[in-house]
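Below: the structure, in structure tokens.
Ligands are counted one by one from 1 in listed order, and the atoms in each one are counted from 1 as well.
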Amino acid sequence: MIADWDNTYARLPNQMYAQQVPTPVASPSGLALNKNLAADLGISFDSDWFEYMSGNKLPDGANPISQAYAGHQFGHWNPQLGDGRAILLGEVTGGFGHIDLQLKGAGRTPWSRSGDGRAWYGPILREYLVSEAMHSLGIPTTRALAAAATGEKIFREQGPLPGAVICRTASSHIRVGTFQYFASRNDLQALQSLFDYTVRRHFPEAKTVEDLLQEAVKKHASLVASWMAVGFIHGVMNTDNSHVAGITIDYGPCAFMDYFVPTKVFSSIDRQGRYAYNNQAKMAAWNLAQLATALLPLATERESAIEHYTEIIHGFSDTFEKAYDKAYSQKIGYSASKESSKMIQSLLKMMAEQGADYTLTFRALGEGTVDEHLGDHPDFKQWYENWLNGAKMKELHKVNPAIIPRNHLIEEMISKATTGDMELFYSLSHALNTPFEHPQNPRLGMPPEINEEVTATFCGT
Ligand code: AMP
Ligand code: MG
């Protein structure tokens, strides 16, 4: 493996991470390699690529570390989380500036607590597929460079399972919880370093904490609006899983909705519906309030800082509304206006009442077949006539995907992969590369049959 490496995070104050090499695995083999992404990042691999992507060989120039962070998990403060099974190899610089390469499932670290530092095929292949699909849908996200099997069994509730490692790439792995970790320890040196570093890497225009918060509000608002527009539910928006610069990170029990239910929750651990589909904006704002709180120690004038930060965070809901209206107006072929908001609300109401498939219904708008999904609704005819008057049909297929990673197919893909059959993984992966085109195999774009429906997703670490 050859790449241009830099290790800027590993040059920050040393309380911000631990030096940690991946733990070698028994018998690594390749599951998936993202050759296009490797080329884009100026990385070249030989036939032994899976040796590097499983952590058995270290690339020349990498300086592996595990990062420290804390977080609010479902609202409860946890002062120490950190990379319990992830190892940042360093940053590659041969493509789009500094891009992190991180191995997840690469063995124990000082933050593993009682965990084994490992992952099995399920979460690894799910993250690979879903994060790449997200990227192809045009939504900011970590990406998947490679997945390798470890050749080792790991033990979970379900029994022994085959182990795997993912190598993901990201514009950084700085979380809201990273700031919280140092703020809660009153470590101003690390907090200031982290702030300066985050500005350099993500917010080059920001001069003050206020500037950073303002930009973060915009990025998080736009991220959640784009999640909602494709029917995505992150599922664990804890502050440790909330990227400071508003990119999708930490694919756990995430899921795309099939039929539209605004309050939908899939995650088996989210019993209160804290991270339900239509609660995600509120939760992003809550996370940003935690970020603001964590940054307070950097302010010279505490009282006035509290006032300014609060105002910025309160601005989230307006910023979000605008991003939401923009995203949904595009989905119905309108420019954002009062009229388009009304059209969208009526459409979503009909969809919810009919239990219409979220993705297929929006797609059908551009195909002239939406009556197949909503035709039975008493308000449909009138709505459709009004809609036709103002809609620009041409643009619709650029924003309404024909295929999303559906739960039942992901589950099927995982259970096949554990028996050594990777075909569904590859065909889904291929189809999801071009989500605005119909897949060659129509089944990959279809909702589940009743007996195929997946009603809950598991963190399944
Ligand atoms: P997550 O729910 O994946 O965001 O993880 C929450 C915390 O648990 C993070 O600090 C992870 O690093 C840690 N963790 C998750 N799975 C494992 C594991 N198998 N071994 C060690 N730590 C883990
Ligand atoms: Mg996490």
Below 4.0 Å from ligand 1: does a non-hydrogen atom of Arg156 turn up there or not? yes
Check if Ser112 has a non-hydrogen atom at a distance under 4.0 Å from any atom of ligand 1. yes
Asp83 to ligand 1: N or O pair under 3.5 Å? no
Look at the N, O or S atoms of Asp240, main chain and side chain alike, and state whether any lies under 2.8 Å from the Mg ion (ligand 2). no
Step through the shown structure and confirm whether more than 12 heavy atoms of other residues, nucleotides or ligands are within 6.0 Å of NZ on Lys57. yes
Please identify which atoms of ligand 1 are closer than 4.0 Å to at least one heavy atom of Asn241. 4 (O)
Residue Asp250 atom name (nearest to the Mg ion (ligand 2); N/O/S): OD2
Flag for Ser172-His243: side-chain donor and acceptor within less than 3.5 Å: yes
Arg168 and side-chain contact (heavy atoms from CB on, under 4.5 Å): which partner among Ile249, Leu145, Asp100? Ile249
Against heavy atoms of Asp250, which atoms of ligand 1 measure under 4.0 Å? 4 (O)
Val236: heavy atom below 4.0 Å from ligand 1, yes or no? no
Among residues at least two apart in sequence or on other chains, which ones pass side chain to side chain contact (heavy atoms under 4.5 Å, CB included) with Arg108? Ser112
Short N/O distance, under 3.5 Å, between Arg113 and ligand 1? yes
For Arg118, counting its heavy atoms only, list the atoms of ligand 1 lying under 4.0 Å from any of them. 19 (N)
Tell me whether Arg85 forms a cation-pi arrangement with Trp111, defined as NZ or CZ under 6.0 Å from the six-membered ring centre and within 45 degrees of its axis. no
Tyr197 six-ring face occupied by Arg201 cation (under 6.0 Å, within 45°): no
Please identify which atoms of ligand 1 are closer than 4.0 Å to at least one heavy atom of Arg85. 3 (O), 12 (O), 15 (C), 16 (N), 17 (C), 18 (C), 19 (N)
So, using salt bridge (charged side-chain N to carboxylate O under 4.0 Å, His left out) as the criterion, who are the partners of Arg302 when residues are at least two apart? none
Whether Asn238 has an N, O or S atom under 2.8 Å from the Mg ion (ligand 2): no
Would you say Gly115 has any N or O atom under 3.5 Å from an N or O of ligand 1, going by distance alone? no
Between Lys104 and Asp83, does at least one N-O distance fall below 4.0 Å, as a salt bridge requires? no
Please list, in number order, the atoms of ligand 1 under 4.0 Å from a heavy atom of Gly117. 18 (C), 19 (N), 20 (N), 21 (C)
Could you tell me if the ring centre of Phe232 sits under 6.0 Å from that of Tyr277? no
